[in-house]
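First up is the structure itself, then whatever we jot down about it.
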Protein chains: 2
Amino acid sequence: MSGVSIGEAARVSGVKVPTIRYYEQVGLLIEPPRTEGNRRVYDQACLQRLTFIRHARELGFEVDAIRTLLDLQDNPGQSCSPADSIARQRLQDVVERIERLKALQTELERMIVGCSHGTIAKCRVIEVLTDHGQCEHPTH
Amino acid sequence: MSGVSIGEAARVSGVKVPTIRYYEQVGLLIEPPRTEGNRRVYDQACLQRLTFIRHARELGFEVDAIRTLLDLQDNPGQSCSPADSIARQRLQDVVERIERLKALQTELERMIVGCSHGTIAKCRVIEVLTDHGQCEHPTH
DNA sequence: CTACAATCTCTAGTCACTAGAGGAGCAAGT
DNA sequence: ACTTGCTCCTCTAGTGACTAGAGATTGTAG
């Protein structure tokens with residue numbers, strides 16, 4: 001017992017049905033056993049794995065990184081430093097992205113606040129986009 | 001005079017050569033005139049348009065939004081409120097993304113700090129990913 | 001028995017490029 | 001004139017992580 005259909009697996013894990021099939025296709029999930037009628041049957045371990053994947057994806061880990069993390073999870077005796085470094089790499093990524101987005105936020109706000117809501121001819125939004133010299137952030 | 005090659009246009013605008021051709025293909029740029037030897041020739045207006053596109057892309061506007069912004073720029077008599085609302089939409093997007101990334105940052109930091117650098121069996125990174133209940137942020 | 005939902009496989013589409021093949025044009029040096 | 005090497009041309013296919021849809025089959029509730 002305790003085998004569930006793909007639909008049920010989707011409901012439980014929060015991963016959509018086609019996405020589950022996709023994960024199987026790209027090798028994140030091993031091919032599950034089938035019923036006589038050729039339907040996939042998922043057991044508890046598989047469901048956990050799915051939840052793991054969903055969670056990791058939500059944290060922005062790439063599928064490739066997740067593959068490595070899953071490999072590590074499957075071999076609990078190893079050093080966890082690869083997992084640690086993947087997570088650190090991801091954190092650095094996130095921090096950098098936040099920085100860049102904050103710069104964008106500033107610039108967008110300047111554009112919008114400066115707009116006097118008249119015609120395009122005097123639109124600050126268009127103007128800033130046209131003339132890059134008006135940017136305060138030299139990052140781009 | 002004043003017509004430049006695609007390579008020169010790329011250098012001036014900061015948009016790569018294949019990307020320029022791509023923009024032409026998807027209709028952001030009109031097809032430029034050609035030399036006898038079939039090479040594209042860009043004039044000043046085209047270069048400005050390219051810079052406009054690059055800048056807008058750097059601010060994260062989608063190609064579709066840029067199409068609209070370019071249309072607006074071409075008709076300067078109109079109200080600028082569509083441009084304004086595209087920019088506001090984009091700003092909201094950015095702000096939301098920052099929020100989400102900050103939550104991720106927190107969670108990644110908790111994962112990493114909690115890791116005692118032993119084996120996978122005790123790895124906090126893997127543990128948190130496996131057991132979603134350990135998340136503080138209920139957003140996912 | 002008959003709807004209807006859920007599942008199956010397969011292909012193609014998304015976005016904004018990027019990479020590469022295979023060929024032609026062009027400018028400078030020998 | 002010739003060669004070297006750069007730029008340019010078109011075209012197709014690949015990226016990541018799915019998503020959408022067609023068309024067929026299976027399972028289930030009334």
Side-chain angles (χ1 to χ4, degrees), chain A residues 3-29 31-42 46-47 49-50 52-70 86 89-90 93 97 100 104 140, chain B residues 3-29 31-42 46-47 49-50 52-70 86 89-90 93 97 100 104 140:
Chain A
V4 302
S5 71
I6 195 168
E8 182 68 6
R11 215 185 48 70
V12 170
S13 68
V15 179
K16 290 183 201 157
V17 169
T19 306
I20 296 177
R21 286 196 278 250
Y22 167 75
Y23 286 155
E24 181 184 326
Q25 196 187 310
V26 299
L28 283 193
L29 297 173
E31 294 181 24
R34 305 283 183 122
T35 65
E36 279 197 6
N38 197 33
R39 279 140 192 244
R40 292 170 178 82
V41 180
Y42 295 94
C46 227
L47 291 181
R49 215 170 164 85
L50 255 181
F52 183 102
I53 295 169
R54 201 209 68 199
H55 198 178
R57 283 295 301 138
E58 275 166 354
L59 288 172
F61 290 98
E62 293 177 2
V63 165
D64 229 41
I66 296 173
R67 221 188 305 270
T68 306
L69 290 172
L70 283 167
I86 288 172
Q89 175 60 56
R90 177 69 195 134
D93 224 67
R97 201 162 300 191
R100 260 181 294 132
L104 290 195
H140 58 274
Chain B
V4 301
S5 71
I6 196 170
E8 182 67 5
R11 215 184 47 71
V12 170
S13 67
V15 180
K16 290 182 201 157
V17 170
T19 308
I20 295 177
R21 288 197 276 250
Y22 167 74
Y23 286 155
E24 180 183 325
Q25 195 189 309
V26 299
L28 283 193
L29 297 172
E31 295 182 22
R34 305 281 182 122
T35 65
E36 281 198 5
N38 197 32
R39 281 145 190 240
R40 292 171 177 83
V41 180
Y42 295 94
C46 226
L47 292 181
R49 215 172 164 85
L50 254 182
F52 183 103
I53 295 170
R54 201 209 68 200
H55 198 179
R57 283 295 301 138
E58 275 166 353
L59 289 172
F61 291 97
E62 292 177 2
V63 166
D64 230 41
I66 295 173
R67 222 188 304 271
T68 307
L69 290 172
L70 283 168
I86 288 173
Q89 175 59 56
R90 176 70 195 133
D93 224 67
R97 200 161 302 192
R100 259 181 295 133
L104 290 195
H140 58 273

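Below, each value reflects all heavy atoms present in this structure, side chains not excepted, and no hydrogens, waters or symmetry copies.
- For the side chain to side chain contact (heavy atoms under 4.5 Å, CB included) test with B/Ile53, the passing option among B/Thr19, B/Leu28, B/Val15 is B/Leu28; the others fail.
- B/Leu28 places its CG atom 13 Å from the P atom of C/dC15, with the value rounded to the nearest Å.
- Backbone-only engagement by B/Tyr23 is indicated by non-hydrogen atom pairs under 4.0 Å involving sugar-phosphate atoms exclusively.
- Between the CG atom of B/Asp64 and the P atom of C/dT14 there is a distance of 12 Å, given to the nearest Å.
- Within 4.0 Å of B/Arg40, counting heavy atoms only, lie sugar-phosphate atoms of the nucleic acid but no base atom.
- Heavy atoms of other residues, nucleotides or ligands lying less than 6.0 angstrom from CD of B/Glu24 number more than 12.
- DNA chain C is contacted by both A/Arg39 and B/Asn38; A/Arg39 maps to the nucleotide lying nearer its 5′ end (nearest heavy atom per residue).
- The side chain of B/Lys16 contributes no N or O atom lying less than 4.0 Å from OP1 or OP2 of C/dC17.
- Per the geometry, CG belonging to B/Leu29 stands 14 Å off C1' belonging to C/dA16, to the nearest Å.
- Ionic pairing of A/Glu8 and A/Arg11 is present here: one or more N-O contacts between side-chain nitrogen and carboxylate oxygen are shorter than 4.0 angstrom.
- The nearest whole Å value for the distance from the CD atom in B/Gln25 to the P atom in D/dC11 is 9 Å.
- Within the 4.0 angstrom heavy-atom criterion, no nucleotide atom of any strand lies near B/Thr35.
- Within the structure, a side-chain polar atom (N or O) of A/Arg34 is placed less than 4.0 Å from OP1 or OP2 of C/dT9.
- Side-chain proximity of B/Ile6 to the nucleotides C/dT7, C/dT18, D/dC8 is greatest for D/dC8.
- You won't find any donor-acceptor pair under 3.5 Å spanning the side chain of B/Arg57 and the base of C/dA16, going by distance alone.
- The distance from atom OH of B/Tyr22 to atom C1' of D/dA13 is 15 Å, rounded to the nearest whole Å.
- For B/Ser5, a side-chain nitrogen or oxygen approaches OP1 or OP2 of D/dC8 to under 4.0 Å.
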For this session: Evaluate the side chain to side chain contact (heavy atoms under 4.5 Å, CB included) criterion for residues A/Tyr42 and A/Ile20: first the C-alpha distance (whole Å), next the side-chain angles of each, then the deciding distance (0.1 Å), finally the verdict.
Result: CA-CA 11 Å; A/Tyr42 295 94; A/Ile20 296 177; 3.4 Å; yes

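- Taking atom CD of residue A/Glu8 and atom P of nucleotide D/dG27, one finds them 17 Å apart after rounding to whole Å.
- When distances run from any side-chain atom of A/Arg21 to the nucleotides C/dT9, C/dC17, D/dC9, the shortest one goes to C/dT9.
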Problem set entry | side chain to side chain contact (heavy atoms under 4.5 Å, CB included) between B/Arg97 and A/Arg97, worked out | CA-CA 10 Å; B/Arg97 200 161 302 192; A/Arg97 201 162 300 191; 5.8 Å; no

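- Following rounding to the nearest Å, A/Ile20 (CD1) and C/dA6 (P) show an atom-to-atom distance of 14 Å.
- Rounding to whole angstrom units, CD of residue B/Glu24 and P of D/dC8 are separated by 14 Å.
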